[in-house]
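For clarity, every value in this text was computed on a predicted model and none was experimentally measured. Naming convention: chains lettered A, B, ... in sequence-line order (proteins, then strands); numbering from 1 in each chain.
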Amino acid sequence: MNKKRKELLVSAISNGTVIDHIPAENVFQVFKILSLDKTKHQVYFGTNLESKKYGTKGIIKISDTFFKEEVINKIALVAPTATLIEIRDYEVASKVSISIPSKIEGIVKCFNPNCVTNMEAVKTKFEVLFDETGEIKLACHYCEKTTSKKNMTFFM
Amino acid sequence: MKNRSLVSINDYSKEEIIRILDLAEEFEKQPHQHILDGRVIASLFFEPSTRTRLSFETAIQQLGGNVIGFASAASTSVSKGESLNDTIRMVASYADLIVMRHPVEGSARFASEVSRVPIINAGDGANQHPTQCLLDLYSIRKTQGTLDNLNVTFVGDLKYGRTVHSNVIALSKFKTKFHFVSPIELKLPSAVKRYIKEAHLSYEQYTDFMEVIPKSDIIYMTRIQRERFPDPLEYEKVKNAYVLENAMLDNSKDNVRILHPLPRVNEISTDVDANPKAYYFQQALNGVFVRQALIATIMGVK
Ligand SMILES: [Zn+2]
């Protein structure tokens, strides 16, 4: 019962996708990455919700929309802890895990101001690497410089 | 390798590097060969670099090829705001190969993706300059007889020096023992050290230049630029610590050779020039043969 109540904080959907456990501060980046600002379908979201595991969290529910794996993996950069559930007819049809892709195109800007991607109309391309502490970093396909997590800015 | 661009030294395997060096040896014996007759090679210098441009254009003309292009962007449509994409596509419709130098990092990789003809990167900002790397490798092999198991010492600005980075990456394919001499502020970045570790090789770092000289087979000198130091006092402290003088070579090995990508300012004292261990002027000349080997390979005429 208790669980049901919590769910009601953000309206239930009959068909579509629920993305839960998004870091609260990154809800709008997930919106942008998944182009939810352009969708014609109903979207509900909540942010700064209570989370046992992470303190606060965000949640997004998108009606009548299912994402391809390569699309959903793009949010791994801003929401690696997110969980994704596909709902069909009010039932949980499947749980999808999010994994960090080995290559990222677009989404993130190259940190190097003298990189060709910041001068010409070129889509950014990165190889995903990890530093000694396990933190994600991106190696630019063009200028070969790496952009660390703290220097990542997203195309908005 | 035929019709393939060379943007970064990482684009070539060890075997491909050796193939270029072997062919460069042939061109050193016979630099005048009419193997590029009727071919047009574009030389696009979006920023001036007389040394590199003359080396490339000499290499092309000695092989009978024709050069089109420009020595600086000032007099071209680029200065009117034409995009790199448009310039490269336009030139690619006239030329069989494009040699380009550009101040923006990643510009050569981008050009190689929009051009229908191969690109040779002659320097893209602070990023890559693979023909400098090939001529350095050629010089090392020529003076030592091998590239394997050498003690190679890099001195000066190891943080920002792109020639140092490419050389370290390339030499990691050849079981090199690396020695790095620099002020603390200008140490080799960990992104470059990664290649040494991945090749299971070792390196040592020093702030004192003297102790490493007797161990070295190659001493690769670079310039420390004043603008790298936010605090001018810090620059004053280190500027003379990494200057090579002739007397410092007294206890060096007989086979040691001094390299420098040139131009030098004061980091090698002029009294070293007459020492047979100084190799930096011959090193620059090797650039023509290496570039001939590279162009002939990409054009598929060798
Ligand atoms: Zn970049």
Using a 6.0 Å cut-off, check whether atom [atom1] of [X] has over 12 heavy atoms from anything other than its own residue.
X      : atom1 : value
B/E234 : CD    : yes
A/E91  : CD    : no
B/K187 : NZ    : no
A/F111 : CZ    : no
A/K145 : NZ    : yes
B/Y94  : OH    : no
A/E69  : CD    : no

Euclidean distance, A/Y142 OH relative to B/S112 OG, rounded to 0.5 Å =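 So the gap between those two atoms works out to 8.0 Å.
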To the nearest 0.5 Å, atom SG of A/C115 lies from atom CZ of B/F110 at 11.0 Å
task: Sort A/K125 into side chain, backbone, both or neither according to what part of it lies under 4.5 angstrom from a heavy atom of chain B.
output: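 Just its side chain gets close to chain B.
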B/E113-A/H141 side chain donor-acceptor pair, cut-off 3.5 Å | yes
task: Take B/N10 and A/E144 through the test side chain to side chain contact (heavy atoms under 4.5 Å, CB included) and record every step on the way to the result.
output: CA-CA 11 Å; B/N10 290 326; A/E144 305 184 22; 4.2 Å; yes
Backbone of B/G106 reached by a side-chain donor or acceptor of A/N114 within 3.5 Å:
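Not a single qualifying donor-acceptor pair exists.
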Counting distance only, does the side-chain N/O of A/E120 pair as donor-acceptor with the main-chain N or O of B/L84 below 3.5 Å?
yes
Given the options B/E105, B/H102, B/Q128, which has more heavy-atom pairs under 4.5 Å with chain A than any of the others?
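Ranked by heavy-atom pairs under 4.5 Å with chain A, first place is B/E105.
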The interface call for B/P103 against chain A, heavy-atom contacts under 4.5 Å, is backbone
